[in-house]
Asks: 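Handing you a structure now.
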Amino acid sequence: MIWQESKKFIVVVIGAFLNALALNQFLIPAKVYASGFAGVAQLISSIVGEYTPFTISTGILLFLLNIPVTILGWRKIGKSFTLYSFISVTFMTVFLEIIPLHTYSEDILLNAVFGGVIAAVGVGITLKYGASTGGLDIVAMILSRMKDRPVGTYFFMLNAIIITSAGLLYGGDKALYTLVTLYASTRVIDAIHTRHEKLTAMIMTKKSEELKTAIHGKLVRGITRVPAKGAFSGDDKEMLIIVITRYEMYDLEKIIREVDPNAFTNIVETAGIFGFFRRD
């Protein structure tokens, strides 16, 4: 248990470092904008620096933007998820203040692509271990539960605002390069960890009762039990079918490994759900 939490903490810190590296070494120097709250913090920092006599760093702004979101997430989503998300934001802020601004290339396209890919690796591994980089992830989850719309809708809306603002303030080319960054980020995150909101897990196991008890002890999700028989071995088994959100996949995977390492699990994307699905 301690090792699992320690590993999760380490991965969250590494993810925060990669995000900060992508911003300070690629995106900020090229004036190309990241997705989510990091992009919002970049925009505000640029506007304040150019149109007022004051300056405020992207890292400080990112931290300030996440404080009210963290409070909401703590109340509406879950303490563990929100805590690790806030840890990610805190370390990202620290790394943004430590890592110097530096340009490896004057080519904006290279900065957009490499910045997007490095940031996406940070986001992807953080999501894979059951946390997030805060900000938009938490806002999108809360709005999705209130309005019953896909999380992706809210990601698209905020990122559209970032792209439009970048285009209006700094020219259409900045908006297009920001689109390149968002596309590269999305593709890499998809490869590391699915962005699909809901997933269906089909678990073939001989320890269905123990697994059911363990899953219900951690996740508030319904489980359907279906009798099954191995075609090759002829062994009697049960298939447990459970629909989860992508944020719960890390916990489910950990439970399966602990209770029945020999279980066979198939995870598929769920396009839609009709009927009751707990959202709180």
Side-chain angles (χ1 to χ4, degrees), residues 11-51 55-63 65-66 88-89 91-128 132-137 152 155-195:
V11 168
V12 167
V13 173
I14 293 172
F17 173 78
L18 291 174
N19 271 281
L21 185 71
L23 283 165
N24 278 4
Q25 305 270 293
F26 295 95
L27 301 181
I28 292 176
K31 283 189 167 57
V32 176
Y33 296 90
S35 63
F37 272 29
V40 174
Q42 275 182 269
L43 267 176
I44 295 174
S45 179
S46 298
I47 293 168
V48 170
E50 292 188 21
Y51 297 101
T55 58
I56 183 166
S57 70
T58 300
I60 298 299
L61 279 168
L62 181 65
F63 185 81
L65 287 169
N66 272 279
S88 173
V89 171
F91 273 95
M92 188 172 167
T93 299
V94 172
F95 289 135
L96 281 169
E97 296 300 309
I98 294 174
I99 298 172
L101 291 171
H102 179 73
T103 304
Y104 290 99
S105 171
E106 297 299 325
D107 190 321
I108 299 180
L109 183 60
L110 285 177
N111 284 303
V113 172
F114 278 94
V117 169
I118 293 170
V121 172
V123 172
I125 62 173
T126 303
L127 289 172
K128 193 173 181 67
S132 81
T133 51
L136 182 56
D137 268 10
F155 277 100
F156 175 79
M157 288 169 61
L158 183 56
N159 288 331
I161 293 171
I162 295 171
I163 293 167
T164 304
S165 301
L168 291 173
L169 291 169
Y170 303 108
D173 59 331
K174 298 298 182 185
L176 294 175
Y177 285 123
T178 298
L179 267 175
V180 171
T181 299
L182 296 179
Y183 177 77
S185 297
T186 301
R187 299 296 294 178
V188 173
I189 290 170
D190 281 343
I192 297 173
H193 180 82
T194 178
R195 295 292 295 185

Asks: If you take all heavy atoms of Tyr33 and Gly39, which pair is closest and at what distance?
Replies: CD2-O, 4.0 Å
Asks: Go through the structure and list residues passing side chain to side chain contact (heavy atoms under 4.5 Å, CB included) with Ala16, not counting sequence neighbours.
Replies: Ser88, Phe91, Met92, Phe95
Asks: Ile125 versus Ile14: any side-chain heavy-atom pair under 4.5 Å?
Replies: yes
Asks: Is it true that a side-chain atom of Gln42 and a backbone atom of Thr58 form a donor plus acceptor pair closer than 3.5 Å?
Replies: no
Asks: Could I get the full list of side chain to side chain contact (heavy atoms under 4.5 Å, CB included) partners for Val94, not counting sequence neighbours?
Replies: Ile98
Asks: Closest approach of Thr126 and Gly15, non-hydrogen atoms and distance?
Replies: OG1-CA, 3.8 Å
Asks: If I take atom CD1 from residue Ile44 and atom CG from residue Leu61, how far apart are they, to the nearest 0.5 angstrom?
Replies: 5.5 Å
Asks: Listed by chain and number, what are the side chain to side chain contact (heavy atoms under 4.5 Å, CB included) partners of Leu179, not counting sequence neighbours?
Replies: Ile163, Leu176
Asks: Between the side chain of Asn66 and the main-chain N/O of Val89, is any donor-acceptor distance below 3.5 Å?
Replies: no
Asks: Is the backbone N or O of Gly59 less than 3.5 Å from a side-chain atom of Thr93, with the two atoms forming a donor-acceptor pair by type?
Replies: yes
Asks: Return the set of residues passing ring-ring contact (aromatic ring centres under 6.0 Å, His included) with Tyr104 (not counting sequence neighbours), or none when no residue passes.
Replies: Phe26, His102
Asks: Restricting to side chain to side chain donor-acceptor pair (under 3.5 Å), what partner residues turn up for Ser57, sequence neighbours left out?
Replies: Glu97
Asks: Using the test side chain to side chain contact (heavy atoms under 4.5 Å, CB included), find all partners of Ala119 that sit at least two apart in sequence or belong to another chain.
Replies: Asn19, Ala22
Asks: About how many Å separate OG1 of Thr181 and CD1 of Ile108, when rounded to the nearest 0.5 Å?
Replies: 10.5 Å
Asks: Taking the side chain as every heavy atom from C-beta outward, state whether Val48 and Thr55 have any atom pair closer than 4.5 Å.
Replies: no
Asks: Could you measure the distance from the CG atom of Leu65 to the CD1 atom of Ile60? Nearest 0.5 Å is fine.
Replies: 11.5 Å
Asks: For Glu106, does the CD atom have more than 12 heavy-atom neighbours from other residues, nucleotides or ligands under 6.0 Å away?
Replies: no
Asks: Determine whether a donor-acceptor pair (N or O, by modelled atom type, separation under 3.5 Å) exists between the side chain of Asn24 and the backbone of Leu96.
Replies: yes
Asks: Heavy atoms, side chains only, cut-off 4.5 Å: are Asn111 and Leu27 in contact?
Replies: no
Asks: Is it true that a side-chain atom of Ser105 and a backbone atom of Asp107 form a donor plus acceptor pair closer than 3.5 Å?
Replies: yes
Asks: Mind listing the closest non-hydrogen atom pair of Ala34 and Leu182 along with its distance?
Replies: C-CD2, 4.2 Å
